[in-house]
Amino acid sequence: MKERDSESFESLSHQVLPNTSNSTHMIQMAMANSGSSAAAQAGQDQPDRSKWLLDCPEPPSPWHELKRQVKGSFLTKAKKFKSLQKQPFPKQILSILQAIFPIFGWCRNYKLTMFKNDLMAGLTLASLCIPQSIGYATLAKLDPQYGLYTSVVPPLIYALMGTSREIAIGPVAVVSLLISSMLQKLIDPETDPLGYKKLVLTTTFFAGIFQASFGLFRLGFLVDFLSHAAIVGFMGGAAIVIGLQQLKGLLGITNFTTNTDIVSVLRAVWRSCQQQWSPHTFILGCSFLSFILITRFIGKKYKKLFWLPAIAPLIAVVVSTLMVFLTKADEHGVKTVRHIKGGLNPMSIHDLDFNTPHLGQIAKIGLIIAIVALTEAIAVGRSFAGIKGYRLDGNKEMVAIGFMNVLGSFTSCYAATGSFSRTAVNFAAGCETAMSNIVMAVTVFVALECLTRLLYYTPIAILASIILSALPGLININEAIHIWKVDKFDFLALIGAFFGVLFASVEIGLLVAVVISFAKIILISIRPGIETLGRMPGTDTFTDTNQYPMTVKTPGVLIFRVKSALLCFANASSIEERIMGWVDEEEEEENTKSNAKRKILFVVLDMSNLINVDTSGITALLELHNKLIKTGVELVIVNPKWQVIHKLNQAKFVDRIGGKVYLTIGEALDACFGLKV
């Protein structure tokens, strides 16, 4: 206000008193009168403004908040139900179907040109999906046909219930690794393949139940326990583990370790290389791996040839199968897939085993797979939805993925989710809707019916090379560097997940990542930052003195702001000690500079960041007030939130500090120095 008064008086002096020698004196007198009147007005308004803060109504209790949220949820549904009842009966049925099955929404506007694009994308997707699905099934320690089964039913269910237009559903490398690494500890897939298959299907059922429950009960926050940094580290470590395990197929090794850590795998490879391995298999696998990687490089360089890396795995399978058949390489040590059972997915409800003694461990593994699969699928779906400019419904996605895995477990499918590599191919191929998933599923079904016999001579080394070619997309070095630059603690979670998967096991890597993430939250809560504030020159804004070195400190006052949303038992004592330490340090500096007595008169505590305070926090504030009073310093509170001021009033803390509670720091300084004068 003084600045505005100064400008008005200066303009008045130029207009009215341009040639008067006493103009400066008159301006100063006018400004003094104006400033005194403004101060008087502020002094009159101050008690009223503080009264607004102190006499605010009682905030709602936690029970009322919960009741309001539940009531609001039911009211929203009731309003939708009432609006639905007003519609004609056919429209009511259509609205219900659209809510459950989004396909009824977009299929009404579906055109022939869109189908042409989806048909091309679906066929391109199938050419990549068929060889990858066979490879991922072998990674999961299942027969090759189960990967193809998983590429038929789940994509069809998702096309009916999912909200993403681009996501490609099917088996993925990370989930396949999770299944094999954790379930083979319960049953050996080589000695008891039937029992192992039952465990896989039962685990898939539990994973689907968990995923659908997350969506129905809006528990999506559970997926957020795996932070972005943890997922990046986990994916990188899993990619290396998967790659090392493919050395078994690439080298033609017969006996291999069941452990997934890098030390065990490298030891097994070294022992096998000293005894028996197949040079023909190695040369064949490396040749086609180089071919696939070269086509991928060409596809990235020339965008119009996006289809080339997509069909490269299928070309590799066809050509290598013909080579083995014509040269009879299987008689010279090259291992082949041999029999793949064809036909439609057989029903497997009777294979779900709920009487197994491992049921508790299966449920735990199902929960881990559910969270990892959802995290990958939703991340993939949201990234491509953002590119296309539409919103992905997270809860509907969870329900859709959950139901497709539950129904998949009834039809000989293991856990499926969205694949990033295949989704990128689907997007590049120009898909318009989820119809591309339907086209892909139909194409895979035709392959199951007609082409499985032709895969008898397909080399296992080719499946290993196909899996190896897909792994570089799981290792995101640029993102790891970005996380290092932005947040060192997040990078620690990334490294923990990466090395945990690499040197221990998959579940240990996930556990380490979650523990580090929670440790970060706890550490921030226990040791929150405290800012010392100063006034920005020429303004009434108070900011951090470290962030803005040009700020001006007010003599005789220390202003603090706690960088935490909660003042509680975990951090109250720490905050109290740090504030007192700063007060003592400031007084020592003042006494060193001038041999005068103490100059600190007030400590102003800005509570604008605090959302809540518990009894330990209030006790710490009382102790801080008592210590300051003993040293002749007064405590002032500024801008407490609704819950905070209510609890401070209930604890009589406001009365203890003499009612020194203000809306802004500027008002607090004006009032306090006015009282001192």
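One is the number of the first residue; the rest follow in order along the sequence.
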Donor-acceptor pairs under 3.5 Å, side chain of residues 470-481 to any protein atom, not counting sequence neighbours: which ones?
residue, atom, partner, partner atom, Å
Asn476, OD1, Glu479, N, 3.1
Glu479, OE2, His228, NE2, 2.9

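- The closest side-chain donor-acceptor pair between Ser264 and Asp261 falls under 3.5 angstrom.
- Under a 3.5 Å cut-off, the side chain of Ser180 and the backbone N or O of Leu139 do form a donor-acceptor pair.
- Looking at residues two or more places apart in sequence or on another chain, you find no ring pair (Phe, Tyr, Trp, His ring centres under 6.0 Å) involving Phe542.
- Side-chain N/O atoms of Thr163 and Glu397 include a donor and acceptor closer than 3.5 Å.
- The salt bridge (Lys or Arg N to Asp or Glu O under 4.0 Å) pairs that include a residue from residues 489-500 are Asp490-Lys520, where partners are two or more places apart or lie in different chains.
- The salt bridge (Lys or Arg N to Asp or Glu O under 4.0 Å) analysis of residues 295-305, with sequence neighbours excluded, yields no pairs.
- Residues satisfying the side-chain contact (heavy atoms from CB on, under 4.5 Å) criterion with Phe306, sequence neighbours excluded, are Ala428, Ala429.
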Tabulate below the donor-acceptor pairs under 3.5 Å that side-chain atoms of residues 498-507 make, not counting sequence neighbours, or state none.
residue, atom, partner, partner atom, Å
Ser505, OG, Ile508, N, 3.4
Glu507, OE2, Lys185, NZ, 2.7

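- By the 4.0 Å N-to-carboxylate-O rule, Arg165 lies too far from Glu432 to be salt-bridged with it.
- The backbone N or O of Ala230 lies less than 3.5 Å from a partner atom in the side chain of Ser227, making a donor-acceptor pair.
- A donor-acceptor pair under 3.5 Å links the side-chain atoms of Lys647 to the main chain of Val613, judged by distance alone.
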Review item, side-chain donor-acceptor pairs of residues 129-136, under 3.5 Å, at least two apart:
residue, atom, partner, partner atom, Å
Gln132, OE1, Arg422, NH1, 2.8
Ser133, OG, Cys129, O, 2.7
Ser133, OG, Ser151, OG, 2.7

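- Residues forming a ring pair (Phe, Tyr, Trp, His ring centres under 6.0 Å) with Phe569 (at least two apart in sequence, or on another chain): none.
- Contacts of Phe491 classified as ring pair (Phe, Tyr, Trp, His ring centres under 6.0 Å), with partners at least two apart in sequence or in another chain: Trp484.
- Looking only at distances, a side-chain donor or acceptor of Asn437 sits under 3.5 Å from a matching main-chain atom of Ile167.
- Residue pairs meeting the salt bridge (Lys or Arg N to Asp or Glu O under 4.0 Å) criterion with at least one member in residues 362-378: none, sequence neighbours excluded.
- When the ring pair (Phe, Tyr, Trp, His ring centres under 6.0 Å) test is applied to Phe560, the partners found at least two apart in sequence or on another chain are Trp582.
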Side-chain atoms of residues 288-295: list all donor-acceptor pairs with protein atoms under 3.5 Å, sequence neighbours left out, distances to 0.1 Å.
residue, atom, partner, partner atom, Å
Ser290, OG, Cys286, O, 2.9
Thr295, OG1, Phe291, O, 3.3
Thr295, OG1, Ile292, O, 2.6

